[in-house]
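Take a look at the structure below.
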Amino acid sequence: MSKEKARRNLHQLGVDVDSSQMMVMKALMAAAGGPSKFVTYKEIAAHLEKNEKKKYTKAYIYRRLSDLEDEGFIVVDSIQHPKQFSISEAGIVKALEKKRNEMLSETEIKRNEVTTKQKLLTTTNPESVAMTLYNQLVGLDKIEGSVVIEGVENVRSTIIREFGEAAKPGDEIRIIAPTSVIDGGQRKSGMAEMSLMARAKDGVKIISVLMPVEGKQSLTTDLISNYVQHIGDVFTKLASTGNISFRIAKKYYQTYRMVSLNSDKMLLYLTHAAESDMAALIQRKDNPGLIDDAIKTFDTIYDEAADVMTTVNQALSKNQ
């Protein structure tokens with residue numbers, strides 16, 4: 001094998017024969033005069049100075065020796081004083097085999113990434129993507145596939161379009177969220193919620209569970225009362241339909257924050273801010289397991305939660 005070909009092979013394994021590590025290893029080999037022969041730091045330093053025509057600090061040489069030991073290229077006898085260093089053909093073969101396996105693993109990961117991208121590119125319909133982009137930009141049409149929604153206004157408009165406007169009489173919209181989303185009333189977080197509650201008059205059931213402020217159940221009830229008072233008469237009329245239910249979970253659960261329409265689709269919030277700027281719209285055809293688990297979790301928490309509609313109605317009566 002030619003010297004140049006050997007150099008290329010080593011480069012493919014991630015070994016740079018011109019690196020400072022290999023420079024020190026070359027000095028060690030020259031000092032030892034052969035495999036399995038131990039030499040000291042002083043002998044290595046002397047050969048390194050001779051080969052490179054310059055001096056190197058002790059710390060510099062020891063760092064390179066330490067790196068070579070970590071990679072398995074050299075053997076260190078720490079019992080001897082001073083410490084001694086050696087190479088072995090078996091050790092070099094093992095170190096290069098390790099390098100080869102690492103490069104193969106890295107290449108396989110890259111190959112899988114390229115294959116995945118290729119599949120996406122070959123199965124993607126440019127016309128469909130263009131239409132989806134257009135609809136997203138102008139706020140038209142329903143989104144047929146699962147997608148990540150970014151931006152506060154985009155999240156709001158998705159809730160209104162995909163859940164509020166899409167629901168039909170007899171449908172169920174489930175909402176589970178931390179109480180912090182209504183802290184501040186309609187001024188901050190009411191638009192999308194009102195679009196959902198407004199469907200109650202059309203026979204759509206709106207079922208909500210709010211996570212309480214941890215350790216402060218009464219504060220949670222106060223926040224809900226304050227929120228509905230902001231929307232006053234409108235909420236009173238909608239609540240009279242019997243299609244709206246507010247409950248407070250018996251404790252704070254680290255669980256989904258979501259809106260779902262029946263078991264057809266869900267919006268999974270990716271932040272807990274009142275004005276969430278990122279969410280994932282998930283269609284049943286893409287991930288039925290996730291939607292089923294979210295609804296099952298919702299129903300379990302809802303069944304154990306405290307109904308606060310009576311408290312809310314009392315608050316509204318006092319406000320009239």
Side-chain angles (χ1 to χ4, degrees), residues 1-124 146-148 254 268 270-271 278 280 282 286-290 293:
M1 183 185 297
S2 69
K3 184 177 181 180
E4 188 57 35
K5 186 175 181 180
R7 180 185 289 268
R8 286 199 303 271
N9 288 344
L10 287 168
H11 180 72
Q12 289 177 343
L13 293 176
V15 178
D16 181 1
V17 294
D18 296 320
S19 68
S20 56
Q21 274 184 236
M22 291 297 107
M23 180 178 68
V24 171
M25 185 171 172
K26 182 179 177 182
L28 190 159
M29 294 171 72
S36 303
K37 295 181 180 179
F38 284 89
V39 292
T40 64
Y41 158 77
K42 283 186 177 181
E43 293 172 290
I44 296 170
H47 276 272
L48 184 60
E49 182 179 346
K50 179 182 177 181
N51 292 343
E52 303 301 324
K53 304 296 189 291
K54 61 182 292 189
K55 288 186 177 182
Y56 294 89
T57 66
K58 189 173 184 178
Y60 179 90
I61 297 173
Y62 265 110
R63 279 198 300 271
R64 301 307 175 273
L65 289 169
S66 177
D67 291 339
L68 287 166
E69 181 186 11
D70 289 342
E71 294 182 15
F73 281 105
I74 67 173
V75 177
V76 180
D77 185 351
S78 300
I79 297 176
Q80 298 294 326
H81 186 75
K83 189 183 295 185
Q84 295 190 357
F85 306 87
S86 175
I87 61 168
S88 71
E89 292 182 4
I92 293 175
V93 169
K94 189 174 181 180
L96 291 176
E97 180 69 17
K98 180 182 176 184
K99 287 276 190 183
R100 185 179 74 92
N101 290 336
E102 289 174 352
M103 293 300 291
L104 282 173
S105 177
E106 185 178 333
T107 302
E108 182 67 17
I109 291 170
K110 289 180 179 178
R111 187 177 71 84
N112 289 338
E113 288 176 352
V114 171
T115 301
T116 300
K117 288 179 181 178
Q118 183 184 31
K119 286 181 179 178
L120 286 171
L121 288 170
T122 54
T123 58
T124 296
S146 299
V147 66
V148 173
Q254 291 285 352
L268 180 63
L270 302 180
T271 72
M278 184 171 289
I282 302 167
D286 296 321
N287 201 332
L290 179 62
D293 185 68

Gap between atom NZ of Lys94 and atom CD1 of Ile92 - 0.5 Å precision: 13.5 Å
For Phe38, ring-ring contact (aromatic ring centres under 6.0 Å, His included) partners two or more places apart: none
Worked check of side-chain contact (heavy atoms from CB on, under 4.5 Å) between Arg64 and Leu48: CA-CA 12 Å; Arg64 301 307 175 273; Leu48 184 60; over 6 Å; no
Backbone N/O of His47 and side chain of Asn51: donor-acceptor pair under 3.5 Å: yes
Which residues share a side-chain hydrogen bond (donor to acceptor under 3.5 Å, both in side chains) with Ser19, sequence neighbours left out: none
Set of side-chain hydrogen bond (donor to acceptor under 3.5 Å, both in side chains) partners for Ser66, sequence neighbours left out: none
For Lys83, all residues meeting side-chain contact (heavy atoms from CB on, under 4.5 Å), sequence neighbours excluded: Val76, Ser78, Phe85
Reported OG-to-CE distance for the pair Ser86 and Met29, which is rounded to 0.5 angstrom: 10.5 Å
Nearest-0.5 Å distance that lies between atom CG in Leu28 and atom OG1 in Thr40: 10.0 Å
Arg63 side, atom CZ; Tyr56 side, atom OH - distance, nearest 0.5 Å: 12.5 Å
Nearest heavy atoms of Lys53 and Lys50, plus distance in Å: NZ-O, 3.1 Å
Distance in Å, Glu49 CD paired with Ile61 CD1, rounded so as to fall on 0.5 Å steps: 9.0 Å
Glu97: partners by salt bridge (charged side-chain N to carboxylate O under 4.0 Å, His left out), with sequence neighbours left out: Arg100
Sequence-distant partners of Lys58, side-chain contact (heavy atoms from CB on, under 4.5 Å), two or more places apart: Tyr41, Tyr62
From Met22 atom CE to Leu68 atom CG, the distance as rounded to the nearest 0.5 Å: 5.0 Å
Any side-chain heavy-atom pair of Val24 and Asp67 under 4.5 Å: no
